[in-house]
Number of protein chains: 2
Amino acid sequence: MEALLNILKKNQLSVTESRKKILELFLNSEGALAHADIEKSTDGSYDRVTVYRTLQTFVEKGIIHNIPTTDNSILYALCKDNCEAGHHHDNHVHFICDVCDKTICLEHVSIPEVKLPKGFTQKQTDVVVSGICDACK
Amino acid sequence: MEALLNILKKNQLSVTESRKKILELFLNSEGALAHADIEKSTDGSYDRVTVYRTLQTFVEKGIIHNIPTTDNSILYALCKDNCEAGHHHDNHVHFICDVCDKTICLEHVSIPEVKLPKGFTQKQTDVVVSGICDACK
DNA sequence: GGGACATTTGCAACATTATTGCAAATTTCC
DNA sequence: GGAAATTTGCAATAATGTTGCAAATGTCCC
């Protein structure tokens, strides 16, 4: 059985065409995907609404998480290993390349410690680094 | 002459009602503002388009900058002191409170050093921390 | 202060993106 | 294989963002 099916079953999700296809896109992509990317890649095979709902379901189950962006897009990326469903408390470093505009999830980069002012409690930290990626240098 | 007018003149912008009002909102807000917040605060005094264009102008001039968010909203916050117009290479730490949902720009928090993989060049770093703020604890 | 010129605003129309309800189709489970 | 639960697609609607252009406002100089 494929890893793909494992993920869906483990999260008690019905195995449907759209979910398989969209999950496959994430598994084959090193970067992050936006709704628009998915619609383009699936070439209209699935309704816009289905894509929205699939992404939402994946986020709720902790299969993917979303990445902060400075424009008004929403980027999604696979959660590696064991994200808690609905309670994603991991820390991430994301890199956005100014040249190719791709967003890459840097799993292996250690998150730095942020010292907050008194009274603030830290739960999740997202770091968004922009610059030039290895491929574009 | 107010600080407000200074800012506008320094950036060679015509002093108009909407710009004064919107800039004032930022000066009086410790947190970040979204387009919707501004429309609500101005109570429809200005056209939706005017607000969009004003924000865009302020960003271009380096008066405000936008903050990464995980939803599809765009948040703006004042740039303290001297941001380069159009080339905002500063680093920021932003805090989003899970309780009151406010975004606070933590100017005085030092940005941590992020070690990137080989081949990556770092230009700007944004850190988004979520948790509970001092007021909500 | 008045008038010419430049800038900005508001309206209208349009484009894009996201959400909801509901019936039809698909999946799951026994 | 068939009933029950889940998911999909359509249609309608809402929310958000953009563009062109004429009218209004602001700036500058005399």
Side-chain angles (χ1 to χ4, degrees), chain A residues 1-2 4-25 32-61 63-64 66-76 85-86 101, chain B residues 1-2 4-25 32-61 63-64 66-76 85-86 101:
Chain A
M1 182 154 57
E2 282 186 82
L4 208 147
L5 296 184
N6 266 328
I7 295 173
L8 293 177
K9 299 232 166 148
K10 197 192 303 175
N11 287 286
Q12 303 176 306
L13 293 174
S14 298
V15 177
T16 67
E17 270 308 302
S18 53
R19 284 178 181 163
K20 277 194 289 181
K21 180 67 184 171
I22 292 174
L23 188 49
E24 194 187 356
L25 284 176
L33 298 175
H35 175 97
D37 297 325
I38 292 164
E39 279 214 289
K40 197 155 61 174
S41 298
T42 55
D43 204 32
S45 309
Y46 312 110
D47 195 87
R48 160 193 280 303
V49 179
T50 301
V51 177
Y52 280 122
R53 289 198 267 226
T54 303
L55 289 172
Q56 189 182 311
T57 303
F58 283 0
V59 169
E60 280 165 6
K61 293 293 186 180
I63 299 172
I64 60 177
N66 49 20
I67 300 174
T69 59
T70 49
D71 55 5
N72 61 331
S73 69
I74 312 184
L75 283 180
Y76 301 90
D101 223 43
Chain B
M1 184 155 56
E2 282 185 83
L4 207 148
L5 296 183
N6 265 327
I7 295 173
L8 291 177
K9 299 232 165 147
K10 197 192 304 177
N11 287 286
Q12 303 174 307
L13 293 174
S14 298
V15 176
T16 67
E17 271 307 304
S18 53
R19 284 178 182 163
K20 277 193 290 182
K21 181 67 185 171
I22 292 174
L23 188 49
E24 195 186 354
L25 283 176
L33 298 174
H35 175 96
D37 297 326
I38 292 165
E39 279 214 290
K40 196 154 63 176
S41 299
T42 56
D43 203 31
S45 309
Y46 312 111
D47 194 89
R48 158 195 282 303
V49 180
T50 301
V51 177
Y52 279 121
R53 288 199 268 227
T54 302
L55 289 171
Q56 188 181 310
T57 303
F58 284 0
V59 170
E60 280 166 6
K61 293 293 186 179
I63 298 171
I64 60 177
N66 48 22
I67 300 174
T69 59
T70 49
D71 54 6
N72 62 329
S73 70
I74 311 183
L75 282 180
Y76 302 89
D101 223 42

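Naming convention: chains lettered A, B, ... in sequence-line order (proteins, then strands); numbering from 1 in each chain. Just so you know, these numbers come straight off a predicted model, no measurement behind them.
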Q: Remember a base hit wins even if backbone is also touched, and classify B/Ser45 as base, sugar-phosphate or nothing at under 4.0 Å, heavy atoms.
A: sugar-phosphate

Q. Do B/Thr50 and B/Thr16 come close enough that some side-chain heavy atom pair is under 4.5 Å?
A. no

**Q.** Separation of atom NZ in B/Lys9 from atom C1' in D/dC28, rounded to whole Å
**A.** 12 Å

Q | Interatomic spacing from CG in B/Asn66 to CD1 in B/Ile74 - rounded to 0.5 Å | A | 6.5 Å

Q: May I have all residue pairs that pass salt bridge (charged side-chain N to carboxylate O under 4.0 Å, His left out) and include part of residues 33-43 of chain A, sequence neighbours excluded?
A: A/Glu39-A/Arg48

Q. For the atom pair CG (B/Leu75) and NE2 (B/His35), what is the distance rounded to the nearest 0.5 Å?
A. 13.0 Å

Q) Nearest nucleotide by nearest heavy atom, which residue falls closer to the 5' end of DNA chain D, A/Ser18 or B/Ser14? A) A/Ser18

Q: For A/Thr57, enumerate each residue passing the side-chain hydrogen bond (donor to acceptor under 3.5 Å, both in side chains) test, keeping only those at least two apart in sequence or located in another chain.
A: none

(Q) I want to confirm an ordering. Mapping B/Glu17 and B/His35 to their closest nucleotides on DNA chain D, which one lands closer to the 5' end? (A) B/His35

**Q.** Outermost nucleotides of DNA chain C that come under 4.0 Å of a non-hydrogen atom of chain B
**A.** C/dT7 to C/dA18

Q | Spatial distance of atom CD1 (B/Ile38) from atom OG1 (B/Thr54) [nearest 0.5 Å] | A | 8.5 Å

Q: Mind checking the NZ-CG spacing from A/Lys20 to A/Leu8? Nearest 0.5 Å is all I need.
A: 9.0 Å

Q) Considering only heavy atoms from C-beta outward, does the side chain of B/Ile22 approach that of B/Leu33 to under 4.5 Å? A) no

Q | For A/Glu24, all residues meeting side-chain hydrogen bond (donor to acceptor under 3.5 Å, both in side chains), sequence neighbours excluded | A | none

Q. For the pair made of CG in A/Leu8 and P in D/dT7, what is the distance, rounded to whole Å?
A. 11 Å

**Q.** CZ on A/Arg53 to CZ on A/Arg19, rounded to 0.5 Å
**A.** 10.5 Å

Q) Is the shortest heavy-atom distance from the side chain of B/Asn11 to the side chain of B/Ile7 under 4.5 Å? A) yes

What pairs of nitrogen or oxygen atoms, one from the protein and one from nucleotides 10-16 of chain D, lie under 3.5 Å apart?
{"from": "D/dC10", "atom 1": "OP2", "to": "A/Asp47", "atom 2": "OD1", "distance (Å)": "3.4"}

Q: Specify the angle, to 10°, made by the local axes at the two ends of the helix from C/dG1-D/dC30 to C/dC30-D/dG1 when five pairs are taken at each end.
A: 50°

